[in-house]
Amino acid sequence: MRKKKMLCLLSAVLMLGMMPQALAAEGNHTKVTASCILPEISVTVPQTGAAFINPYQMDVTINATETDAQIISTPAAIENESEVPLQVTVTVTGQLKEESTMRFSSAPTNGIGTAKSAFLYFEIVPANSANSAVWADEYDDEKHLLVRVGSRTKRNMVILSQSDKDGCFGAFRLTGDCTKNPRVPWNEKDGLDVEITFSFKPLARQQG
C-alpha cells in the first residue's frame, strides 16, 4: 500500500512540472498597431509680384522706400503657418518678353558693356515679415539662384521657423544689375517674366 501511494505522489509531481510548459506553448499575444503622425503643412504663397528694370537708375519709391537700384522688386514673402519648421527648395524659370532685345547675363555687368543685358538673381531669407528682410550686399553662388532662360533649381535655400517662432516668413526678391548704355537702347518692349516655384520639406518641431 505504501508503495502505491509513492507512485501516485510521483505522478502528481511530474504533472505539475509539465503545466508551465503547456501554458507557454499556448502563448499570450499583444498586437500593436503603429500609425504615422504627420504635421499639416500650411504655407501662404503670393500669387503675383512685380519687378522693374531701371537701367538709368532713376529714383523710384516702392512701399514708401526710395531706391535707384537697376533691378527692383516689390516686397514679397511666403509665410509658414505650419506647426513645424520647413526647408524650402526653389525653382526659378526665366523667360524674355517676345519682342525684347535684351539678354540675361551670367555675371554682374557693373553697368558696363555695349550689349543690352541684365544680371538677375533670386534671393530668399528668413524674416519676421515681408518688409523686415536683411539682404546680402552682393551675389553669392552658394546662397542665391541665378535667373536665366529656362529653369534652375537650388535645394534647401532657406529654413522657415514654425508659425509661432521668429523667422517664419521667407522674404524674397529679384535683384542684380544691367548695362546702362547698350548699343541698342533700352525701350518699353524690353522685359522678362520669372516664375518662382517653392517646395517644402517638414523638419522636427522647435522646442522652447
Side-chain angles (χ1 to χ4, degrees), residues 43-79 88-127 129-158 160 169-200:
V43 185
T44 298
V45 178
Q47 296 297 305
T48 60
F52 307 93
I53 301 173
N54 184 26
Y56 305 115
Q57 295 186 281
M58 306 292 290
D59 290 331
V60 179
T61 300
I62 303 291
N63 282 23
T65 300
E66 189 173 281
T67 178
D68 64 353
Q70 289 187 312
I71 306 296
I72 307 166
S73 56
T74 55
I78 57 177
E79 181 183 359
V88 184
T89 291
V90 181
T91 298
V92 296
T93 303
Q95 180 64 51
L96 296 170
K97 296 288 189 183
E98 186 174 349
E99 297 184 48
S100 176
T101 55
M102 65 173 286
R103 293 291 181 267
F104 285 119
S105 173
S106 60
T109 68
N110 299 313
I112 302 169
T114 58
K116 189 194 297 184
S117 58
F119 172 71
L120 248 72
Y121 64 91
F122 173 87
E123 179 177 14
I124 184 169
V125 295
S129 71
N131 296 296
S132 64
V134 178
W135 305 113
D137 293 329
E138 58 185 14
Y139 174 72
D140 186 336
D141 183 62
E142 295 294 320
K143 299 177 180 179
H144 303 140
L145 186 53
L146 195 63
V147 179
R148 305 296 297 274
V149 173
S151 298
R152 296 169 66 89
T153 298
K154 186 174 285 292
R155 298 182 60 80
N156 309 333
M157 283 199 74
V158 70
L160 306 183
F169 284 82
F172 64 88
R173 66 170 182 168
L174 292 173
T175 188
D177 65 15
C178 62
T179 51
K180 291 182 179 180
N181 297 296
R183 185 184 304 108
V184 178
W186 293 93
N187 61 73
E188 293 180 353
K189 294 181 180 180
D190 291 318
L192 53 93
D193 293 316
V194 179
E195 181 178 328
I196 305 165
T197 304
F198 303 95
S199 301
F200 307 102

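One-based numbering along the sequence shown.
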*Step through it carefully: locate the ring centre of Phe119, locate the ring centre of Phe104, and say whether they are under 6.0 Å apart.*
no
*Flag the pair Phe172 / Phe198 as yes when their ring centroid distance falls below 6.0 Å, and as no otherwise.*
yes
*Nearest 0.5 Å, what's the CH2-CG distance between Trp186 and Asn181?*
11.0 Å
_Rounded to the nearest 0.5 Å, what separates atom CD1 in Ile72 from atom CG in Asn54?_
4.5 Å
_Could you measure the distance from the NE2 atom of His144 to the CG atom of Leu146? Nearest 0.5 Å is fine._
11.5 Å
*asked:* Is it the case that the side chain of Asp68 and the backbone of Met58 share a donor-acceptor pair, with hydrogens and angles ignored and the cut-off at 3.5 Å?
replied: no
_I'd like to know if the side chain of Asn63 reaches the main chain of Thr65, judged simply by a donor and an acceptor atom lying under 3.5 Å from each other, with no hydrogens or angles considered._
no
*Any side-chain heavy atom of Thr175 within less than 4.5 Å of one from Ser73?*
no
*Work out which heavy atom in Val147 is nearest to a heavy atom in Gly94; give both atom names and the distance.*
CG1-CA, 4.2 Å
_NZ/NE/NH1/NH2 to OD/OE distance under 4.0 Å, Lys97 and Asp190_ = no
*For Thr61, does its backbone N or O pair with a side-chain atom of Glu66 as donor and acceptor, under 3.5 Å?*
no
*Check for a donor-acceptor pair, side chain of Glu79 on one end and backbone N or O of Val43 on the other, with a separation under 3.5 Å.*
no
*Please examine the side chains of Leu174 and Val194, heavy atoms only from C-beta on, and report whether any two atoms are closer than 4.5 Å.*
yes
_We want to know whether Gln70 and Lys180 form a side-chain donor-acceptor pair, criterion being a heavy-atom distance below 3.5 angstrom._
no
*Any sub-3.5 Å donor-acceptor pair from Thr179's side-chain atoms to Ala115's backbone N or O?*
yes
*Ser117 side chain to Ser105 main-chain N or O, any donor-acceptor pair under 3.5 Å?*
no
_Interatomic distance, Tyr121 atom OH to Asp140 atom CG [nearest 0.5 angstrom]_ = 9.0 Å
